[in-house]
Amino acid sequence: MTATICGTGSYIPSYTMDNHDIARMVETSDEWIRERTGVVRRHIIREETTVSMAAKAARRALENADVLPEELDLILVSTISSNVILPCAACEVQREINAVNATCFDLSAACTGFVLAYNTALAYLAGGIYRTALVIGSESLSNLTNWKDRGTCILFGDGAGAAVLRADGGPETAAEDSGLEAGYYFPVTHSDGSKGSALTCKSRHDFNGLTDADRQGCPENMTDESHYMQMDGQAVFKFAVKRVPEVIEEVLALNRISTDEISYYILHQANKRIVEAVAKRLGEPIEKFPMNLQEYGNTSSASIPILLDEMNREARFAAGQKLVLAGFGAGLTWGASIVEWHR
Ligand code: COA
């Protein structure tokens, strides 16, 4: 059995900060940011939260899929920036949208998160365990950004994207058949924890080493810079331009698909130069690599589903087209999946 994406949705905060706004906060310029990253502006939460954006993206995806909330068996939220720890963001979304039959949990894998959440949902559906799943990437990275660090604050933004997946075949098929068949594409994913120091963010709930006095007041280490994202930009850049083309080649070879059969490569939207380098290394035209990072910056696990939703709503996909989704980021983690479009 396999499963297909039957609807997408997204939510973007209306408040924006352009590069000139950033240049008033740190020593940088619109020209430098555009040239080195491609980012022009980013959308930042005001009233919104990771959960509220996820729920709005979810409602739009359900509407687009023509699926009722009670039909959902699974809600998976990929996030590193949730406003809640307990209950998990996925349970909060369940409550908001009234998806009473869903099993809900979160997944934390930074900018590879949406690809891993998609793979997880697909495995449940292909295995006949669930029939209908909602996969969401939602991030409020502005809360994890050190707005005094020009090496990182130029890059990130907030937003949410979602996709509804449905198992193919009738309900009786789901119960009887857990075999994989044509139309199921195996993903390829990797992690390398030994390189984790390239991109870090310490939990504000890490009380290790605090004194009793710290616990009662405002602990020193609650405000230090390690609670914001810290990045070795060049190391992450080099990792991405090497590993992303490799994993795309791996996933194509594993599924015996040639680059000619791929209509679009939906890459995590981190940096225009990374996307261009991946296209070049694969020998593929840049037109196959849609980008919207100029408008949103890097929204971590939300970037792939936001781009999918924009392209879906612009009717840029046709039934039968094959897409590659590729994520990469902190961990380090990276991975690619093939999606056959069936809407
Ligand atoms: N504005 C102006 N100058 C800046 C700057 C900024 N925002 N940030 C760094 N600089 C300066 C540096 O101080 C350095 O100056 P120097 O040559 O006088 O020492 C110079 O620009 C070059 O710095 P460098 O760090 O080599 O820049 P870079 O070309 O690597 O660009 C990033 C920096 C962060 C844009 C780039 O490394 C990058 O995009 N990395 C990947 C990050 C990423 O995608 N992370 C998320 C992955 S999921």
Side-chain angles (χ1 to χ4, degrees), residues 17-42 78-81 107-117 137 139-142 144-159 161 189-193 195-201 225 228-245 247-248 266-279 281 289 291-294 296-307 325-336:
M17 279 171 76
D18 66 17
N19 292 342
H20 299 287
D21 296 321
I22 303 277
R24 280 189 282 274
M25 298 162 69
V26 291
E27 205 183 322
T28 189
S29 66
D30 175 51
E31 193 189 2
W32 196 96
I33 301 172
R34 279 179 196 244
E35 200 175 290
R36 301 288 177 119
T37 72
V39 179
V40 175
R41 68 181 67 78
R42 64 289 289 145
S78 168
T79 184
I80 54 163
S81 52
L107 186 150
S108 166
C111 307
T112 317
F114 185 81
V115 170
L116 290 170
E139 303 285 6
S140 310
L141 297 181
S142 57
L144 304 181
T145 298
N146 180 352
W147 292 101
K148 292 180 186 155
D149 174 17
R150 69 176 183 173
T152 53
C153 76
I154 56 168
L155 296 171
F156 299 105
D158 302 335
T189 54
H190 298 286
S191 303
D192 183 358
K195 307 251 168 49
S197 60
L199 182 42
T200 60
C201 183
E225 299 199 339
Y228 297 116
M229 287 183 282
Q230 295 186 314
M231 184 180 66
D232 177 344
Q234 287 193 10
V236 175
F237 192 94
K238 283 182 193 150
F239 145 73
V241 298
K242 180 169 175 2
R243 295 302 186 189
V244 178
V247 78
I248 291 175
I266 313 287
L267 264 51
H268 165 52
Q269 301 288 291
N271 183 315
K272 186 171 90 144
R273 290 190 296 141
I274 293 177
V275 179
E276 287 169 349
V278 172
R281 287 203 186 188
F289 293 76
M291 282 186 251
N292 62 7
L293 59 91
Q294 58 281 6
Y296 307 121
N298 176 346
T299 57
S300 193
S301 65
S303 80
I304 290 175
I306 290 172
L307 184 53
L325 311 185
F328 54 93
L332 298 171
T333 57
W334 64 106

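Atoms within a ligand are numbered from 1 in the order they appear, just like the ligands themselves.
Under the side-chain contact (heavy atoms from CB on, under 4.5 Å) test applied with Arg36, the options Lys272, Arg273, Glu31 reduce to a single match, Arg273.
The line from CD1 of Ile22 to CD of Glu27 is 14.5 Å long, rounded to the nearest 0.5 Å. The CD atom of Glu139 sits 5.0 Å away from the CD1 atom of Ile80 when rounded to the nearest 0.5 Å. Note that the CD atom of Gln269 and the CG atom of Asn298 stand 9.0 Å from one another [nearest 0.5 Å]. Going from atom CG of Leu141 over to atom CG of Leu155 covers 10.5 Å, rounded to the nearest 0.5 Å.
Sorted by first and then second residue, the salt bridge (Lys or Arg N to Asp or Glu O under 4.0 Å) pairs involving residues 229-243 (not counting sequence neighbours) are Lys242-Glu246, Arg243-Glu246.
Within 4.0 Å of ligand 1, heavy atoms belong to protein residues Glu27, Thr28, Trp32, Arg36, Thr37, Cys111, Arg150, Gly151, Ile154, Met231, Gly233, Gln234, Val236, Phe237, His268, Ala270, Asn271, Arg273, Ile274, Asn298, Phe328, Gly329.
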